[in-house]
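These notes concern the structure reproduced below.
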There are 2 protein chains.
Amino acid sequence: MNFQERKQKILDLVEKEGSVDVKRLALHLDISEITIRRDLAILSEKGMIYRTHGGAMKLSLAHDPISFVQKSAVNADKKDYICQLAAKGIQEGDVIFMDCGSTVFRLCPFIRNMRIKVVTNSLPVMSQLLGSAVSVNFVGGEIDPERQAAHGIIATEHIRRYRANKAFLGVDGISLANGLSAASEKEAEITLSMSANSHETFLLCDSGKFEKDRYFPFAPLSLAQTLITDQEADAEIIESYKKAGLKVVK
Amino acid sequence: MNFQERKQKILDLVEKEGSVDVKRLALHLDISEITIRRDLAILSEKGMIYRTHGGAMKLSLAHDPISFVQKSAVNADKKDYICQLAAKGIQEGDVIFMDCGSTVFRLCPFIRNMRIKVVTNSLPVMSQLLGSAVSVNFVGGEIDPERQAAHGIIATEHIRRYRANKAFLGVDGISLANGLSAASEKEAEITLSMSANSHETFLLCDSGKFEKDRYFPFAPLSLAQTLITDQEADAEIIESYKKAGLKVVK
DNA sequence: TTAAAAATGATTAATTTTGAACAAAATTAT
DNA sequence: ATAATTTTGTTCAAAATTAATCATTTTTAA
């Protein structure tokens with residue numbers, strides 16, 4: 001295995017994983033650590049990776065959205081389960097909306113290899129899907145650094161310019177009495193416009209949010225056609241949502 | 001087995017496997033290693049394969065895609081000098097356009113602490129400015145993964161919605177005869193609309209691009225009011241640009 | 001046929017790459 | 001803050017690869 005081949009593998013791994021460490025590379029490529037270090041030194045010299053203590057990182061956009069990745073790790077299992085179900089509802093050629101929720105974000109790995117168009121206002125989603133088979137359309141507007149997403153008049157106008165088959169949206173709360181609720185007006189606005197401009201709306205919502213109302217109730221349950229949730233969801237509550245007209249997948 | 005036959009087999013193998021090594025080729029083609037080396041030297045001389053230590057590999061695998069950050073590091077000194085000058089032209093409260101050129105990208109560190117609004121179609125620029133004092137407005141649209149930026153109808157429409165004091169734009173070529181030229185139609189479109197919607201247009205252009213024409217000439221010199229360049233710029237050329245109406249800063 | 005030219009192989013020296021050992025620097029834990 | 005650990009840089013030696021030189025074989029052409 002010569003330098004060129006190692007270089008390929010290292011770069012691939014850095015691209016795929018976001019970061020690598022010397023030990024694992026040495027083991028994986030079956031070569032000494034000192035050589036890996038030399039390789040990394042060359043690659044970072046060329047500006048192709050960012051050298052860290054003990055390894056290297058992807059440079060470019062990787063920095064900021066990483067913080068989001070960690071946040072989305074709360075209830076990761078449930079969210080992944082939900083996303084895996086959601087991905088089954090997507091076909092090649094689809095045009096889909098994805099909002100800036102942390103559950104929706106976890107849909108990315110499941111759709112990277114699909115030839116679909118994604119319209120999103122979420123920076124982390126875009127970052128995850130760039131360079132994949134997915135064609136990404138980012139919703140423009142003022143960027144909220146905290147939410148890592150675009151919101152506002154221009155963003156909703158942008159969304160209105162497009163027509164999607166499916167919208168995959170997160171909500172912060174859902175209840176029979178007050179419908180869907182969000183933690184901020186801004187997010188609600190995006191949810192509404194994405195839903196309005198897509199043929200079918202999927203709600204990605206873990207069971208922990210059932211019968212919880214958040215700061216800003218903004219829509220009836222009927223905004224969505226399908227609710228995708230996890231297996232711990234209470235049967236009785238599900239039944240009541242079904243009666244309200246939602247198709248529930250779990 | 002003569003050279004022509006070996007050449008064919010070597011090329012086939014390189015194509016199929018991606019990479020080959022001298023030892024195996026010598027064994028496989030039943031010929032000495034030195035001959036294989038000579039063959040590889042000829043093939044690589046002709047640019048048909050990439051010679052590595054101990055073997056050879058496919059050109060496409062050996063050549064690595066230059067990342068944006070890496071590209072921006074070419075002529076970094078000149079670019080930084082230009083950007084430092086450009087930053088002096090920015091005041092608190094300004095609304096500025098920044099395009100997706102690699103020179104413009106390097107303006108980011110100089111403006112991070114300014115309370116201004118930046119409208120940009122460049123992902124790296126946005127990434128650099130997020131979390132700083134700058135308020136970032138990202139131009140939406142289809143994201144070109146290679147250029148790391150948004151282009152197209154929706155992007156230009158988005159730009160038209162805003163009015164900026166100043167536009168900081170890169171060009172790929174500039175000449176007295178043919179004006180400004182770009183490497184792609186898409187980039188030219190963005191440059192034009194940013195310039196049209198800002199009060200003053202600054203061209204950030206290192207002297208290496210003077211009197212060079214690129215693929216797509218798209219505007220006369222008069223599109224910009226000010227040209228910011230480096231100190232190595234030829235005095236005579238500068239004089240001619242000044243006569244054409246440009247204010248030149250260096 | 002026979003000399004000249006070209007291609008190949010063998011040997012050896014030079015170069016490049018890799019690995020090992022250890023001190024210096026940086027990071028982490030106490 | 002201090003000690004322990006990890007990571008890194010440096011130096012040197014070993015191994016692998018290549019380049020150079022020259023002899024041998026094969027091909028070419030008069």
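Naming: A, B, ... by sequence-line order, numbering from 1 per chain. These figures come from a predicted structure and were not determined experimentally.
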Mind listing the side-chain donor-acceptor pairs of residues 108-118 of chain A below 3.5 Å, one per line with the distance, residues two or more places apart or on another chain?
residue : atom : partner : partner atom : Å
A:R112  : NH1  : A:Q128  : O            : 2.5
A:K117  : NZ   : B:E142  : OE2          : 3.1

task: Taking side-chain hydrogen bond (donor to acceptor under 3.5 Å, both in side chains) as the test, write out the residues that go with A:N137, two or more places apart.
output: A:H158, A:Y162
message: For residues 124-147 of chain B, which residue pairs pass the ring-ring contact (aromatic ring centres under 6.0 Å, His included) check, not counting sequence neighbours?
response: A:F138-B:F138
task: Among A:K78, A:K209, A:K250, find the residue that satisfies the salt bridge (Lys or Arg N to Asp or Glu O under 4.0 Å) test when tested with A:E232.
output: A:K78
query: Is the backbone N or O of B:D213 less than 3.5 Å from a side-chain atom of B:S175, with the two atoms forming a donor-acceptor pair by type?
result: no
- line: B:D94 meets the side-chain hydrogen bond (donor to acceptor under 3.5 Å, both in side chains) criterion, sequence neighbours left out, with B:K166
field: Value in whole Å for how far the C1' atom of C:dG9 lies from CZ of B:R37
entry: 12 Å
- prompt: What do the steps show when you test A:E5 against A:K9 for salt bridge (charged side-chain N to carboxylate O under 4.0 Å, His left out), and what is the final call?
  reply: CA-CA 6 Å; A:E5 289 179 56; A:K9 299 208 174 186; 5.9 Å; no
message: Suppose we screen for side chain to side chain contact (heavy atoms under 4.5 Å, CB included). Which residues come up paired with B:D12, at least two apart in sequence or across chains?
response: B:Q8
Those residues that, when tested against A:D230, pass salt bridge (charged side-chain N to carboxylate O under 4.0 Å, His left out) (two or more places apart): none
Below 3.5 Å between N/O atoms, which protein atoms pair up with nucleotides 19-24 of chain C? Just atom names and distances, please.
residue : atom : partner : partner atom : Å
C:dG19  : OP2  : A:S32   : N            : 3.3
C:dG19  : OP2  : A:S32   : OG           : 2.6
C:dG19  : OP2  : A:T35   : OG1          : 2.4
C:dG19  : N7   : A:R38   : NH2          : 2.6

task: Can you sort out which residues in residues 16-23 of chain B have a heavy atom within less than 4.0 Å of DNA chain C? Ascending by number, please.
output: none
field: Opening and closing nucleotides of DNA chain D in contact with chain A, under 4.0 Å to non-hydrogen atoms
entry: D:dT7 to D:dT10
query: Given atom CG of B:D39 and atom C1' of C:dA6, what is their separation to the nearest angstrom?
result: 14 Å
- prompt: Can you list every pair that meets ring-ring contact (aromatic ring centres under 6.0 Å, His included) and has a residue in residues 11-35 of chain A, with sequence neighbours left out?
  reply: none
task: Indicate whether any N or O donor in one side chain lies under 3.5 Å from an N or O acceptor in the other, for B:K79 and B:S102.
output: yes
message: Using C1' atoms of five pairs at each end, report the bend of the helix from C:dT1-D:dA30 to C:dT30-D:dA1 rounded to 10 degrees.
response: 40°
- request: Kindly write out the residues that satisfy ring-ring contact (aromatic ring centres under 6.0 Å, His included) with B:F216, not counting sequence neighbours, or none if the list is empty.
  value: none
Basic-acidic side-chain contact under 4.0 Å: B:E45, B:R51: no
